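So the structure is just underneath, and the comments pick up after that.
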Amino acid sequence: WVQLVESGGGSVQAGGSLRLSCAGSESIGRYCMAWFRQAPGREREGIASITATGTTTHYADSVKGRFTVSRDNVENTVYLQMNSLNPADTAVYYCGANPNTCSSGSYWRRLNEYISWGQGTQVTVSS
């Protein structure tokens, strides 16, 4: 399966922006891709997904309107543009690859949908 490496995390002040990248070791063109995050003491939660062709995206309510997921299948990279960040967004951010079609509704948020994960990148938002 494809190996994934996230980058782009860092420390920002509330209201700031960051752009995360998730690079695949091989073609990601057939994968449903998603971004998850895990805050200290909390479970990993799905926040955004994008279909293999990039035509459909889904977002968790907590990030809708502030975060945008996109992909470049030529560069084998998925992006997460994060705007209007607030301290509640502080977490380690992970990308995941699902070799099947992105599930509908909220099922795309299930961890067992994804067979490859990156090592994560830390995002810290200060008030």
Side-chain angles (χ1 to χ4, degrees):
W1 300 114
V2 64
Q3 296 182 15
L4 304 171
V5 178
E6 302 96 337
S7 62
S11 297
V12 296
Q13 291 191 325
S17 298
L18 282 174
R19 188 193 196 202
L20 305 184
S21 299
C22 170
S25 61
E26 59 186 64
S27 174
I28 63 167
R30 67 184 182 96
Y31 291 93
C32 162
M33 300 295 294
W35 284 96
F36 285 71
R37 67 185 181 186
Q38 188 166 18
R42 304 191 66 174
E43 295 184 352
R44 191 174 298 193
E45 63 167 346
I47 56 173
S49 71
I50 185 167
T51 54
T53 58
T55 54
T56 302
T57 57
H58 291 95
Y59 296 94
D61 288 343
S62 59
V63 305
K64 199 172 295 183
R66 300 187 299 123
F67 291 11
T68 303
V69 59
S70 62
R71 66 191 296 159
D72 183 337
N73 286 343
V74 174
E75 297 293 329
N76 296 324
T77 302
V78 179
Y79 303 98
L80 185 68
Q81 177 66 44
M82 306 187 295
N83 299 327
S84 301
L85 286 162
N86 60 66
D89 296 315
T90 295
V92 178
Y93 284 70
Y94 301 89
C95 62
N98 174 359
N100 302 307
T101 302
C102 286
S103 295
S104 59
S106 63
Y107 294 109
W108 62 269
R109 304 183 74 184
R110 294 183 299 193
L111 292 174
N112 60 8
E113 298 269 314
Y114 302 88
I115 50 82
S116 291
W117 295 93
Q119 83 291 346
T121 186
Q122 175 72 46
V123 172
T124 303
V125 185
S126 58
S127 58

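Here the structure is a predicted model, which means the values were calculated and not measured.
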Side chain to side chain contact (heavy atoms under 4.5 Å, CB included) partners for Glu26, two or more places apart: Val2, Tyr31
Check side chain to side chain contact (heavy atoms under 4.5 Å, CB included) between Gln81 and all other residues, then give those that pass, not counting sequence neighbours.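 Applying side chain to side chain contact (heavy atoms under 4.5 Å, CB included) to Gln81 gives Ser17, Arg19, Thr68, Asn83.
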Considering non-hydrogen atoms only, spot the tightest contact between Ser127 and Ala14 and give its length. CA-CB, 4.3 Å
If you look at every heavy atom in Pro99 and Trp1, which pair is closest and at what distance?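 Heavy atoms only, the tightest pair is CB-CZ3, 3.8 Å.
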Restricting to pairs with a member in residues 18-57, which pass disulfide bond (SG atoms under 2.5 Å apart), not counting sequence neighbours? Cys22-Cys95, Cys32-Cys102
Mind listing the side-chain donor-acceptor pairs of residues 48-58 below 3.5 Å, one per line with the distance, residues two or more places apart or on another chain?
{"unit_1": "Thr51", "atom_1": "OG1", "unit_2": "Thr55", "atom_2": "N", "d": "3.3"}
{"unit_1": "Thr51", "atom_1": "OG1", "unit_2": "Thr56", "atom_2": "N", "d": "3.1"}
{"unit_1": "Thr51", "atom_1": "OG1", "unit_2": "Thr56", "atom_2": "O", "d": "3.4"}
{"unit_1": "Thr53", "atom_1": "OG1", "unit_2": "Thr55", "atom_2": "OG1", "d": "3.1"}

Between [atom1] on residue [X] and [atom2] on residue [Y], distance to nearest 0.5 Å:
X	Y	atom1	atom2	result
Leu18	Leu80	CG	CG	9.5 Å
Leu4	Asn76	CG	CG	10.5 Å
Leu85	Ser126	CG	OG	10.5 Å

Using the salt bridge (charged side-chain N to carboxylate O under 4.0 Å, His left out) rule, collect all pairs that involve residues 114-127, keeping only residues at least two apart or in two chains.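 Residue pairs with at least one partner in residues 114-127: there are none.
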Residue pairs, two or more places apart or on separate chains, that pass salt bridge (charged side-chain N to carboxylate O under 4.0 Å, His left out) and touch residues 65-80: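 Those involving residues 65-80 are Arg66-Asp89.
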Check whether any side-chain heavy atom of Met82 lies under 4.5 Å from a side-chain heavy atom of Val12, and answer yes or no.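 Met82 does not reach Val12 side chain to side chain.
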Could you name each residue pair satisfying ring-ring contact (aromatic ring centres under 6.0 Å, His included) that touches residues 61-97, not counting sequence neighbours?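 Qualifying pairs, neighbours excluded: none.
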With sequence neighbours left out, what residues match [X] under salt bridge (charged side-chain N to carboxylate O under 4.0 Å, His left out)?
X	answer
Glu6	none
Glu45	Arg37, Arg109
Arg30	none

Please determine whether side chain to side chain contact (heavy atoms under 4.5 Å, CB included) holds for the pair Val78 and Trp35, giving the CA-CA distance in whole Å, both sets of side-chain angles, and the decisive distance to 0.1 Å. CA-CA 9 Å; Val78 179; Trp35 284 96; 3.5 Å; yes
Under the ring pair (Phe, Tyr, Trp, His ring centres under 6.0 Å) test, residues paired with Tyr114 that sit two or more places apart: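 Tyr114 satisfies ring pair (Phe, Tyr, Trp, His ring centres under 6.0 Å) with Phe36, Trp117 only.
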Is the backbone of Gln3 close enough, under 3.5 Å, to the side chain of Ser116 for a donor and an acceptor to pair up by distance?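 The answer is no, because no donor-acceptor pair under 3.5 Å joins these two groups.
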When clusters are formed by joining ILVMFWY residues with side-chain heavy atoms under 4.5 Å apart, either directly or through shared neighbours, do Ile115 and Ile28 land in the same one?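 Yes, it is one cluster - the side chains of Ile115 and Ile28 are joined through contacts under 4.5 Å.
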Sorted by chain and number, sequence neighbours left out, side chain to side chain donor-acceptor pair (under 3.5 Å) with Gln13 holds for none
With side chain to side chain contact (heavy atoms under 4.5 Å, CB included) as the criterion, how do Thr121 and Ser7 come out once you've worked through the C-alpha distance, each side chain's angles and the decisive distance to 0.1 Å? CA-CA 6 Å; Thr121 186; Ser7 62; 5.6 Å; no
